[in-house]
Amino acid sequence: MDVMTYEEYIAAHREYFEARLFEVLRFPSISAVEEHRADVKHTAEWFRSQFMSMDLQTELIESDGHPIVLAEYTPPNATDAMPTVMAYGHYDVQPPDPLDLWLSPPFEPTVRNGNVYARGATDNKGQFLTHVFAIESILKTQGSLPCKIKFVVEGEEESTGSVSLDQLLQTAEGKKKLACDCILVSDTSQFAPGLPTITYGLRGILACELFLTGPNRDLHSGTFGGSVFNPAIALTKILSQLIDENGVVQIPNFYDDVLPLTERERGQFAALPFDESEFFARIGLESGFGEKGYTTTERRCGRPTFDINGITAGYQGEGSKTIVPSKASAKFTCRLVPNQAPEKIASAVHAYIATLIPPGITWELSIQHGAVGMSLDLDKSRFVEPMANALEETYGKKPVFTREGGSIPIVAKFNHILQADVLLVGWGQDDDALHSPNEKFSLASFHNGILASARFFQKLADVDVK
Ligand code: BES
Ligand code: ZN
């Protein structure tokens with residue numbers, strides 16, 4: 001007779017959960033790099049076989065980009081009143097560069113000080129798997145679930161902001177497949193270590209690349225220097241006019257649609273336990289910088305920004321090479337806040353840059369992807385209370401509520417199109433180094449996440465969606 005509770009099962013399977021996590025962390029599922037296409041696919045297949053081993057109904061949907069894996073389970077006693085939860089995650093990862101800064105190789109998960117180090121550990125394989133193992137533990141011990149569950153895990157979040165999943169969501173068939181009452185996402189961070197956090201907003205994004213061309217080839221800087229406009233100089237001059245010394249974005253009309261932070265919200269941000277000097281010390285800085293008139297938390301969570309992600313021009317090799325380069329380019333992003341439309345910001349960027357181009361330089365602005373930000377009214381969601389209770393039981397503290405500075409482009413689309421509540425509950429930490437060398441995920445966070453997630457699902461037995 002099986003007498004184990006799901007909580008005992010979770011406690012007894014720590015090693016198994018870790019072993020499975022390490023297995024999937026070995027796949028270099030870098031969606032932005034064509035060479036890794038097969039690795040991305042193998043990762044999708046790993047998830048499909050994980051879901052199949054749990055006896056879920058499973059589907060791998062091929063797309064022009066990378067595959068989407070769907071899995072679902074409907075309990076035999078399901079009624080219309082029983083909630084359907086969709087747990088969403090992404091199995092793709094950011095490129096691991098610069099490789100020489102990793103203390104252990106990015107795709108060889110290595111445990112140090114209770115953390116597993118690997119690209120994708122926190123963003124997002126480890127975090128997403130907490131829900132998979134929570135469901136597995138309930139199914140193994142109870143033979144069924146207190147809710148209907150759908151898993152959606154895809155491989156384009158980090159590169160295009162989930163274009164293929166968005167396309168699926170636009171079709172009638174896709175809407176049916178993805179229909180749910182609650183979208184559960186663990187792809188954010190806790191406000192402080194061990195402080196359970198429910199995130200009620202995300203920033204949007206606009207990602208661009210600017211290409212400048214001057215002479216038709218690299219030139220000798222002695223023969224030609226001073227007689228032509230150097231594209232690298234043009235690029236730095238243009239970029240320097242996009243943001244001023246007060247951290248204010250200079251693109252005309254950029255702030256037109258920004259919803260100002262309310263006094264209530266500023267009060268809520270100020271009440272969060274935030275140690276500013278520790279925050280900056282952890283990233284090797286004595287102080288921060290940002291838009292004048294706003295606190296660090298407001299700048300990170302509630303204000304739009306402009307950032308340069310990478311600049312390329314001319315000779316970067318060993319020693320010196322005296323040239324005027326033919327070309328220069330830069331990748332940059334604007335983080336957006338709710339109510340700013342990426343398309344409008346893209347036009348504003350284009351119009352402004354057009355006024356900044358010097359003579360002798362031709363240019364092209366490529367818009368790579370965009371997503372709107374969002375801010376949720378959690379008072380309306382019946383899923384917040386069971387989650388808050390599950391978090392308090394697990395961490396011994398009530399959760400705090402905050403907005404996140406990062407973006408998860410598909411989430412606002414899910415919210416609008418599926419008309420389902422969004423529940424963003426992250427297990428990560430600010431110093432997990434997502435998108436950086438030595439990305440990590442705390443194994444304690446992993447196991448607590450599994451437990452809190454399972455407790456949340458258990459509590460859905462009392463939630464009626466009719
Ligand atoms: N997990 C992140 C979102 C995030 C970032 C949460 C920072 C918490 C803190 C997600 O995987 C991500 O990186 N999204 C990209 C989206 C972009 C490529 C469209 C982002 O925010 O840069
Ligand atoms: Zn990411």
Side-chain angles (χ1 to χ4, degrees), residues 25 29-33 40 65-66 88-97 106 118-130 152-166 184-193 195 197-209 279 282-283 296-297 299-302 304-310 331-337 342 345-346 367-374 402-414 422-437 439-441 445 449:
L25 288 176
S29 49
I30 308 161
S31 56
V33 177
V40 177
H66 298 294
Y88 161 80
H90 61 92
Y91 64 77
D92 65 323
V93 301
Q94 289 274 326
D97 322 62
R119 171 58 88 232
T122 188
D123 187 9
N124 175 239
K125 292 169 181 171
Q127 292 217 55
F128 175 69
L129 273 178
T130 59
V152 177
V153 60
E154 53 115 358
E156 297 176 14
E157 198 269 353
E158 297 288 14
S159 51
T160 63
S162 315
V163 166
S164 300
L165 184 53
D166 187 15
L184 175 61
V185 186
S186 291
D187 194 20
T188 49
S189 307
Q190 294 187 333
F191 196 80
L195 181 64
T197 303
I198 295 180
T199 298
Y200 66 90
L202 293 168
R203 282 198 287 193
I205 192 167
L206 174 72
C208 306
E209 190 162 5
F279 177 81
R282 272 192 279 147
I283 49 172
T296 299
T297 303
R299 290 169 181 167
R300 294 169 61 210
C301 303
T305 63
F306 164 80
D307 269 297
I308 299 170
N309 313 120
K331 293 180 194 280
F332 60 88
T333 43
C334 295
R335 292 285 164 176
L336 309 178
V337 294
I345 301 298
I367 303 298
Q368 309 210 294
H369 54 84
V372 296
M374 68 177 201
T402 188
R403 282 162 63 171
E404 179 64 76
S407 313
I408 312 174
I410 199 70
V411 172
K413 292 174 184 158
F414 277 156
V422 171
L423 198 49
L424 295 159
V425 185
W427 320 120
Q429 305 303 330
D430 274 346
D431 65 351
D432 276 349
L434 46 164
H435 299 201
S436 299
E439 177 178 344
K440 69 166 172 65
F441 188 38
S445 295

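All ligand and atom numbering here is 1-based and tracks the order in the structure. We use all heavy atoms of the structure for the numbers below, so side chains are in, but hydrogens, waters and symmetry mates are not.
Within Glu158, the N, O or S atom at minimum distance from the Zn ion (ligand 2) carries the name OE2. Per residue Asp123, closest N, O or S atom to the Zn ion (ligand 2): atom name OD2.
Protein heavy atom closest to atom 14 (N) of ligand 1, with residue, atom name and distance, is Ser407 O, 2.8 Å. Nearest non-hydrogen protein atom to atom 5 (C) of ligand 1 is Gly406 CA, 3.7 Å. Nearest protein heavy-atom contact of atom 9 (C) of ligand 1 is Glu404 OE2, 3.2 Å. Annotation: atom 1 (N) of ligand 1 to nearest protein heavy atom, Asp187 OD1, 2.7 Å. From the protein, the heavy atom lying nearest to atom 22 (O) of ligand 1 is Arg335 NH2, 2.8 Å. Nearest protein heavy-atom contact of atom 10 (C) of ligand 1 is Glu157 OE2, 3.2 Å. Ranking the protein heavy atoms by distance from atom 19 (C) of ligand 1 puts His369 CE1, 3.3 Å first.
Residue contacts with ligand 1: Ser189 is placed with no nitrogen or oxygen under 3.5 Å of a nitrogen or oxygen of the ligand (distance criterion only). The shortest N or O to N or O distance between His435 and ligand 1 is under 3.5 Å. Considering backbone and side-chain N/O atoms, Glu158 comes within less than 3.5 Å of an N/O atom of ligand 1.
Under the 4.0 angstrom criterion for non-hydrogen atoms, Asn124 is not in contact with ligand 1. Ligand 1 lies within reach of Pro409, whose nearest heavy atom is under 4.0 Å from it. Put simply, no part of Arg203 is less than 4.0 Å from ligand 1, judged by heavy atoms.
Of all the heavy atoms in Cys301 and Arg403, the pair that sits closest is SG-O, 2.9 Å. In terms of heavy atoms, Ser31 sits closest to Gly155 at CB-O, 3.0 Å. Between Pro409 and Glu157, the closest heavy-atom pair is CD-OE2, 3.7 Å.
Atom numbering of ligand 1 starts at 1 in the shown order; those under 4.0 Å from a heavy atom of Asp123 are 1 (N), 2 (C), 10 (C), 11 (O), 13 (O). Close contacts of ligand 1 with Thr188, meaning ligand atoms under 4.0 Å from a residue heavy atom, involve 6 (C), 8 (C).
Residues Asp92 and His66 bring no donor and acceptor atom of their side chains to less than 3.5 Å of each other. No side-chain donor from either of Lys413 and Ser162 sits under 3.5 Å from a side-chain acceptor of the other. In this model, no donor atom of one side chain and acceptor atom of the other lie less than 3.5 Å apart for Thr199 and Glu404.
Looking only at distances, a side-chain donor or acceptor of Glu439 sits under 3.5 Å from a matching main-chain atom of Ala121.
For Phe306 and Phe332, the gap between ring centers is short of 6.0 Å.
Residue contacts to the Zn ion (ligand 2): Asp187 brings no N, O or S atom closer than 2.8 Å. Taking 2.8 Å as the criterion, His90 does not count as a coordinating residue of the Zn ion (ligand 2), since none of its N, O or S atoms falls below it.
Results of the side-chain hydrogen bond (donor to acceptor under 3.5 Å, both in side chains) test with Ser29 over Lys125, His90, Glu158, Arg119 single out Lys125 as the only residue that passes. Considering Ile408, Val153, Leu184 as possible partners of Tyr88, the one that fulfils the side chain to side chain contact (heavy atoms under 4.5 Å, CB included) test is Ile408. When each of Thr402, Val425, Leu202, Asn124 is paired with Thr188, the side chain to side chain contact (heavy atoms under 4.5 Å, CB included) condition holds for Leu202 and for no other.
Expressed to the nearest 0.5 Å, how far CG of Asp187 lies from CH2 of Trp427 amounts to 12.5 Å.
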